[in-house]
Amino acid sequence: MNYWLMKSEPDVFGVEHLKSRPDKTAPWDGVRNFQARNFMREMKRGDLAFFYHSSCAEPGVAAVVKIVKEAYPDHTSWDKKGEHYDARSTPEKPYWYMVDVKLERQLKQPVLLTDIKACTALKNMRLVQRGNRLSVMPISEPEWNKILELERKKTK
DNA sequence: GCCAACGTTGGC
DNA sequence: GCCAACGTTGGC
């Protein structure tokens, strides 16, 4: 099993949106970055990911989600009227992919970016390295556990 | 295949 | 809203 972190802007699609979806499940569409796409294609059903809120007042990990459907073509890429349209992608030759995620649980207290930055054990995370802009990234098991530990500490 | 210009991300 | 840092594009 692998661990991941996936970023989304809560104003556009946050944990609250996911929660309100049928079966608390939604496609992770709109990723238009090769590295992020490739990571999504490596995801396996049952993998866990942190749902990270970016570009907001308090950026940080807000929830745990589970990958419930492995990578399949992102149909928003051939919707000409949509925001995520890309002429290179067609149903015959898809260019971009997405996975389905299901809300596992919302964190009792979000683990904020400031918390993560303050934690020496998490120094090597891609998330906190300079100029990081990747929206989907792998996380090591120790890092995964450390973040959950930070959650427990905050909840106390 | 290099690299400048451009657009985007995302924290502050 | 600013701007640093990065990925992508396109001219050569």
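Labels below follow one simple rule: chain letters A, B, ... track the order of the sequence lines, proteins then strands, and each chain is numbered from 1.
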### Message
Can you give me the first and the last nucleotide of DNA chain B (5' to 3') that has an atom within less than 4.0 angstrom of a non-hydrogen atom in chain A?
### Response
dG7(B) to dC12(B)
### Query
NA contact type, Arg88(A), heavy-atom cut-off 4.0 Å: base, sugar-phosphate, or nothing?
sugar-phosphate
#### Entry: side chain to side chain donor-acceptor pair (under 3.5 Å) contacts in which one or both residues fall within residues 109-125 of chain A, not counting sequence neighbours
Asp115(A)-Lys154(A)
## Note on the structure
Interatomic distance, CZ@Arg37(A) vs OH@Tyr97(A), rounded to 0.5 Å, equals 7.5 Å
### Task
For residues 52-66 of chain A, pull every pair meeting side chain to side chain donor-acceptor pair (under 3.5 Å), keeping only residues two or more places apart or in separate chains.
none
### Query
Looking at CE of Met98(A) and NE2 of His75(A), how far apart are the two atoms once the value is rounded to the nearest 0.5 Å?
4.0 Å
### Message
What I want to find out is whether Glu143(A) reaches Lys146(A) closely enough, with some N-O distance under 4.0 Å, to be called a salt bridge.
### Response
no
